[in-house]
Every structure is written in structure tokens, then in C-alpha cells.
Amino acid sequence: MLRIDLMDDPFSVNKALEFCAASPHGSLHHARKLFDQIPQPNTFAYNTLIRAYANSPFPVPSLRLFSQMLYCNRAPNSYTYTFVLKACARLSAIGEGEQLHGFMIKSGFGSDAFSTNGLVSMYASCGRIELGRKLFDLSVEKDEVCWNSMLSGYADCGLLDQARRLFDEMPEKGTVSWNAMINGYVVIGDIGAARELFDRMPERNAESWNTLIAGYAKCGFVGMSRKLFDEMPEKNVVSWSAMITAYVQGGFPKEALDLYEEMKRVGMAPNWAAIVSVLSACSQLGALEQGVDVHAYAERNKMKVDSVIGTALIDMYAKCGCIDRALEIFDKLASKDVFSWTAMIGGLAVNGHGAKALELFSKMEEGGVRPNGVTFVGVLCACSHAGQVQLAMQYFHSMRRKYGIEPQIEHYGCMVDALGRAGLIQEAVSLVQASPGKADPELWVTLLGACWIHGNVNTGEYVLEHLVKVKPDDGGVYVLLSNIYATRGQWDDARRVRMQMKSKGLKKVRGHSSIEINGLVHEFYVGDKSHPKTVEIYQLLADIYCRLKLAGYVPNTNPVLFDIAEEDKENVVAYHSEKLAIAFGMISLDAQAAIRVVKNLRVCQDCHTVAKLISKLYNREIILRDRNVFHYFRDGSCSCKDYW
DNA sequence: CTAGGGTTAG
């Protein structure tokens with residue numbers, strides 16, 4: 001902080017202020033403090049701070065500073081207007097923007113190129129593009145920036161044809177114009193048109209490459225993103241974070257983490273955006289240790305925990321089974337927005353704290369934060385976990401009535417699951433039939449899952465009839481129905497369904513589990529004997545079964561289909577891939593180390609029971625991530641509260 | 001004036 005005797009020299013103070021405001025991380029606060037100590041800030045000082053706020057995530061103070069400026073008789077200049085207009089644009093504050101426009105005309109600032117550019121952007125961002133165009137046509141001295149403002153204005157409004165017409169008319173197109181046009185196509189998802197322009201443009205800068213990298217990722221072509229990333233001549237920090245994000249959004253969290261490590265190795269310092277994305281990658285993987293490392297990195301580098309990083313942290317800790325850490329971050333978070341609340345509510349719900357999640361939702365409503373559709377996914381999921389079907393129904397109806405949010409397919413999914421689990425199969429069927437676009441196969445699959453839980457053969461058959469029509473290529477559907485028959489001992493029917501499946505050439509996805517030991521991933525399939533430590537693994541499993549059975553454990557062989565001898569069925573279940581991986585973890589890791597296993601399918605009932613018992617009898621922590629949920633086994637119980 | 005960000009059922 002500046003010594004007070006220097007405060008008398010406006011020039012030094014302004015330089016210090018400018019330096020402070022321009023620093024990358026969290027210095028806006030210091031700039032503000034410095035500004036507040038200046039006895040009589042001049043126009044330059046105001047402009048510096050107004051600009052800093054206008055470019056920050058929370059531009060509101062720019063508007064307030066502008067009012068304060070007028071009140072203190074400090075004359076705004078065109079620089080001031082540019083950034084106050086930018087703040088209005090960012091906030092879509094059309095009222096303030098129009099007022100400002102009127103004020104500008106009165107004080108003679110309405111028609112120079114600088115002001116025109118700001119006004120065009122402001123009107124475009126506020127959805128009044130036609131007003132922007134009028135000003136654009138009226139302005140006599142149009143520079144390239146002016147054309148570009150108009151161009152990106154059209155692009156922001158999704159009016160790509162008009163943008164393109166302007167682009168083709170432009171007397172001189174600079175790299176920025178090309179980039180703006182390319183970005184416009186990227187936003188509407190026309191990656192082909194974007195690529196065509198990219199190939200045609202005379203000079204490409206990092207932004208051109210980065211735009212396209214992100215563009216391919218948005219369209220699901222992560223491979224193309226990577227190709228460009230490798231080809232581009234000079235990668236900057238945005239290129240790296242864009243590529244990391246591309247991997248995360250494309251569902252390749254492992255690759256995202258690898259790239260993050262490589263980024264650090266080549267000496268590129270990860271910034272805010274990279275941290276946010278890589279935290280999301282850790283969430284997807286359930287990679288707690290890496291997540292903790294990333295968190296520590298952010299702290300070491302004094303990154304401010306704003307609502308975005310805060311949300312990413314909450315989600316990461318929650319998805320890694322550390323619900324207490326997630327709550328701690330949430331409680332400390334100064335600015336909670338709907339994302340942070342939603343992540344926390346959903347996190348509590350999947351960790352089995354349904355009641356606490358609902359409590360938090362009430363607090364959120366009391367705090368005046370408006371929930372969105374995603375929030376309700378968490379809320380309905382929480383009701384399911386808490387066994388509160390009636391409550392779920394109430395929330396489901398309140399979505400539209402109270403908040404005007406139309407329930408989407410995923411909300412129907414939650415409800416079908418909640419009703420189905422509670423045994424209200426008929427109600428669940430009615431809901432599926434009442435859902436928008438009622439042929440959505442996923443809802444029927446959920447329904448079939450409920451039929452399986454309750455051994456409801458009749459509805460199961462009815463549901464499958466629908467499913468084979470809409471989802472004829474999914475082997476999982478047949479497996480579910482044959483499981484239903486099997487639980488009822490209807491082996492002929494079970495076999496018939498299996499035969500049907502086979503005759504159509506459909507296969508069930510093979511389950512496999514993996515465990516990482518010293519950076520090396522070991523993979524196991526059911527009954528796998530290919531691992532070098534196979535003998536030790538099977539010996540340990542035999543020992544485990546001995547102790548478990550003494551403790552009263554009875555194998556649950558429900559998922560094994562065929563009417564083979566009970567003893568043989570036990571053997572199939574006994575060597576499920578997750579059990580092999582857990583046993584391998586037990587012989588490879590220290591007794592205190594948590595055993596982290598990832599499974600590609602849902603964990604079966606028996607493996608779940610066995611994992612709980614191992615955690616108690618062997619005093620080991622087991623963290624098993626399956627296709628849907630995170631299971632955190634400790635002292636004989638699981639974080640999922642036996643709901644998954 | 002152009003590039004990178006967080007929450008979504010089974």
C-alpha cells in the first residue's frame with residue numbers, strides 16, 4: 001500500500017492505481033481501497049477504476065462511480081463513456097445505457113468514432129441491434145473498430161447472415177474482424193463455416209486458433225481441437241486452458257489432467273480458467289488427491305475463491321466423497337450464486353444427505369436466490385434419497401407454479417425414479433406417459449430399473465415391449481428384463497430373453513474396474529487371472545470370504561442369471577472385477593491409504609455389501625466410483641446410504 | 001471490437 005505522503009501527488013497515485021487495477025489476480029479490491037484514500041480523485045483516477053470494474057465479472061460499481069463522478073463535478077471524457085457503456089453492455093442495462101446516451105449527446109460526445117463504437121456495442125448487447133445499426137449508418141468517420149463492433153453486435157444477437165453481409169462489405173478486414181466472424185459461426189455451432197474462414201484468412205493470431213479449438217470442442221470434435229492445438233505455432237495460456245476445457249467438456253477428464261500437468265511442466269502457469277476446468281476434471285474422475293493438489297496450487301498462487309472457483313471446489317469435494325470439505329468451502333464462500341447453491345444441494349443429495357440438502361434449498365429460497373432447472377434436479381434427487389415421494393411431487397409441481405420452470409426430461413427421470421423406488425410403479429408409468437416427448441427411452445429404462453427392484457414382471461414386460469421398439473440396439477435393456485425374471489426364479493423366461501438378445505447380436509457391456517497404484521493403472525475383469533499378482537489376490541479374497549462368512553455374510557447372487565448351482569453362482573459374484581481391484585489395492589497399499597477403485601458399470605448389491613464389510617473388518621477406507629455415484633466405504637457403511 | 005469458466009436424473 002502507498003505511503004500517505006505520496007498521496008498528495010495525483011500523478012503518482014494514478015500510476016499506482018493503474019498498476020493495481022491492471023494486476024491479474026484479486027487486486028481490484030486493493031485498487032478500490034487506494035482510490036478511496038485519494039482526497040480528490042481526478043477524471044483519470046475515476047476512469048482507471050471504472051475501466052477495471054467494467055472488465056471485471058461484476059461491472060455494477062462502474063455505474064455507481066460514474067454517478068459519483070457527476071456528483072463531484074468531475075467531467076467525464078470519451079474514455080469514461082466508453083467504459084461506462086461497456087459496463088451497461090455487460091449488464092444488459094438498457095435503461096442506464098439510454099440515459100447515458102442522452103447525456104452524451106447533451107455534452108457533445110455522441111458522434112465521434114469512440115462513442116459510436118461503445119453505443120453500438122451497448123445497444124447490441126441489450127438486444128436493440130437496430131438502434132446500433134442506425135448509429136452505425138449515421139456515423140461519418142467509421143474506423144475498423146466501428147465495423148467490428150457492428151459485426152460482433154450482429155453475431156452476439158445470432159444474426160449471422162447480417163454479420164456476414166457486413167463482413168463481406170467491409171473495406172478493410174483485419175484479423176479481429178475475421179476472428180469475430182469465426183467466433184460468430186462457432187457460437188451458433190456452424191463449425192464448417194468457421195473453419196472455412198479460418199483457412200481463408202490472410203493472417204492468424206493466437207485468438208483465431210483458440211476460437212477454433214474451443215469451437216471444435218463445442219461441436220464434440222475434441223480430436224480436431226487437439227490437432228489444432230498441436231499445430232498452432234505459439235500457444236498462450238488461453239490455448240492451454242481452452243484445450244483442457246475441451247477435454248473436460250468432451251468427457252475426457254484423464255486427458256485434461258495430463259494436459260494440466262504438461263502445462264506446468266513446460267512452464268506455463270495455469271490461470272483461473274485452467275484451474276476451474278481441471279477441478280471439474282477431478283470431479284468427473286473422483287480424483288481427490290489431484291483435486292487437493294489443484295486446490296493447494298490455487299491457494300499458493302493467491303487466487304481468489306470467487307463463486308466460480310468456489311463452485312468448482314464444492315463440486316470436486318462433494319463428488320470425491322468429502323462432503324465436509326465441500327460444506328466448509330460453501331460456508332466460507334462470500335458470494336454464493338445459484339451455481340454454488342445448486343452444486344452444494346446436489347452434492348449433499350448424492351452423498352446421501354437428502355434432508356440436509358432440502359434444508360439448504362429452503363435457505364436458498366429465503367435468501368432470495370432463484371433456483372433453476374438444475375437446482376430442481378438436485379432437490380428431487382434429495383427427496384428420493386430421503387424417501388420423501390410426496391415432497392418430491394410437491395416440488396415437482398412447484399417448479400412451474402412457483403418459478404415458471406417447465407419440467408424437463410431429467411426432472412421426469414428423477415420423479416419416475418422416486419416413484420418407482422417407492423413401489424408406486426403405476427404412478428411412475430402414468431408420469432412417463434405424461435412426459436413431454438413421451439418416447440424418451442431413458443425414462444423407460446429408469447422404469448425398468450424400478451420393476452427390477454420390486455420384481456414386477458408384468459410391468460417389466462410391458463416396459464420392455466416399448467423399449468425394444470425405441471431402443472432396439474441396447475443390450476442392457478434385455479439384461480435388465482432377464483434379471484427381473486431371474487429374481488423371480490423364472491429361469492426359462494430369463495433364458496428366452498437372453499437368447500433373443502443373442503440372436504440380435506447384442507452384447508452386454510463388460511464390466512471392468514481399475515485402480516491406480518503409484519501412477520500405474522491396473523485393470524480387472526470378472527474372474528480375471530491375467531494380473532501378475534493373481535495368486536496373492538485370490539488368496540486374500542479367500543481369506544476375506546472366510547472372515548466375512550464368520551461375521552454372518554450371505555452372498556447375494558441375484559444378478560447371476562442362470563439356474564446353475566448356487567455354489568457356482570457364488571463363484572461368479574465372488575470374483576467381480578471390483579472385488580479383484582479392491583483386493584489388489586489391499587495388498588499394494590499401506591494400511592492407512594484409501595483404496596480408490598473406478599468401475600465402468602454400476603456396482604452390484606453383493607460387491608457393495610462386501611466392500612462395507614471389508615471397510616469394517618479390515619479397517620480400510622474404500623472409495624468406489626461407479627457409473628452413477630461415488631461410494632465412500634468407512635467403518636461398515638457407505639456414503640450412498642445404500643442408495644444408488 | 002475477437003479467444004479460455006463452475007451446477008444436470010437413471
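In what follows, chains are A, B, ... by sequence order, proteins preceding strands, each numbered from 1.
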Nearest listed nucleotide, side chain of [X], among [options]:
{"X": "A/Ala343", "options": "B/dA3, B/dG6, B/dT7", "answer": "B/dT7"}
{"X": "A/Cys414", "options": "B/dA9, B/dT2, B/dA3", "answer": "B/dA9"}
{"X": "A/Asp337", "options": "B/dC1, B/dA3, B/dG6", "answer": "B/dG6"}
{"X": "A/Val374", "options": "B/dT8, B/dG5, B/dG10", "answer": "B/dT8"}
{"X": "A/Ser152", "options": "B/dC1, B/dT7, B/dG5", "answer": "B/dC1"}
{"X": "A/Glu410", "options": "B/dG10, B/dC1, B/dT8", "answer": "B/dT8"}
{"X": "A/Val238", "options": "B/dA3, B/dT8, B/dC1", "answer": "B/dA3"}
{"X": "A/Ser277", "options": "B/dG5, B/dC1, B/dT2", "answer": "B/dG5"}
{"X": "A/Asp315", "options": "B/dT8, B/dG5, B/dG10", "answer": "B/dT8"}
{"X": "A/Ser121", "options": "B/dC1, B/dG5, B/dT7", "answer": "B/dC1"}

Assign [X] to base, sugar-phosphate, or nothing according to its heavy-atom contacts below 4.0 angstrom with the strands shown.
{"X": "A/Val276", "result": "sugar-phosphate"}
{"X": "A/Lys336", "result": "nothing"}
{"X": "A/Val176", "result": "base"}
{"X": "A/Lys86", "result": "sugar-phosphate"}
{"X": "A/Ser208", "result": "nothing"}
{"X": "A/Ala312", "result": "nothing"}

Sub-4.5 Å side-chain heavy-atom contact between A/Leu348 and A/Glu359: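 A/Leu348 does not reach A/Glu359 side chain to side chain.
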Rounded distance in Å - [atom1] ([X]) to [atom2] ([N]):
{"X": "A/Asn179", "N": "B/dC1", "atom1": "CG", "atom2": "P", "result": "15 Å"}
{"X": "A/Leu348", "N": "B/dT8", "atom1": "CG", "atom2": "C1'", "result": "16 Å"}
{"X": "A/Leu135", "N": "B/dC1", "atom1": "CG", "atom2": "C1'", "result": "16 Å"}
{"X": "A/Asp306", "N": "B/dG5", "atom1": "CG", "atom2": "P", "result": "14 Å"}
{"X": "A/Trp272", "N": "B/dG5", "atom1": "CH2", "atom2": "P", "result": "9 Å"}
{"X": "A/Phe198", "N": "B/dA3", "atom1": "CZ", "atom2": "P", "result": "15 Å"}
{"X": "A/Ile314", "N": "B/dT8", "atom1": "CD1", "atom2": "P", "result": "12 Å"}
{"X": "A/Tyr185", "N": "B/dA3", "atom1": "OH", "atom2": "C1'", "result": "18 Å"}

Look at the side chain of A/Lys142 and the backbone N and O of A/Trp147, then say whether any donor-acceptor pair between them is shorter than 3.5 Å.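 Flag not set: sc A/Lys142 to bb A/Trp147 has no pair under 3.5 Å.
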If you compare every side-chain N and O of [X] against the phosphate oxygens of [N] (OP1, OP2), does one of them come in below 4.0 Å?
{"X": "A/Ser280", "N": "B/dT7", "answer": "yes"}
{"X": "A/Gln408", "N": "B/dA9", "answer": "no"}
{"X": "A/Lys319", "N": "B/dT7", "answer": "no"}
{"X": "A/Asn183", "N": "B/dA3", "answer": "yes"}

Tell me if the side-chain of A/Asn205 makes a donor-acceptor pair with the base of B/dA3, cut-off 3.5 Å, by modelled atom types.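 Answer no: no donor N or O sits under 3.5 Å from an acceptor.
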Verify side-chain hydrogen bond (donor to acceptor under 3.5 Å, both in side chains) between A/Asp315 and A/Ser283, making sure each step is shown before the conclusion. CA-CA 7 Å; A/Asp315 182 56; A/Ser283 293; 3.0 Å; yes
Who are the side chain to side chain contact (heavy atoms under 4.5 Å, CB included) partners of A/Ala386, not counting sequence neighbours? A/Gln388
Where do A/Arg164 and A/Tyr154 land on the side-chain hydrogen bond (donor to acceptor under 3.5 Å, both in side chains) test, with the steps shown first? CA-CA 9 Å; A/Arg164 183 56 186 258; A/Tyr154 278 130; over 6 Å; no
How about A/Phe330 and A/Trp341: are their ring centroids closer than 6.0 Å?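 Ring centres of A/Trp341 and A/Phe330 closer than 6.0 Å.
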Going by side-chain contact (heavy atoms from CB on, under 4.5 Å), A/Pro270 matches just one of A/Asn301, A/Ile275, A/Val237, A/Val278. Which one?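 When A/Asn301, A/Ile275, A/Val237, A/Val278 are each tested with A/Pro270, the side-chain contact (heavy atoms from CB on, under 4.5 Å) holds only for A/Ile275.
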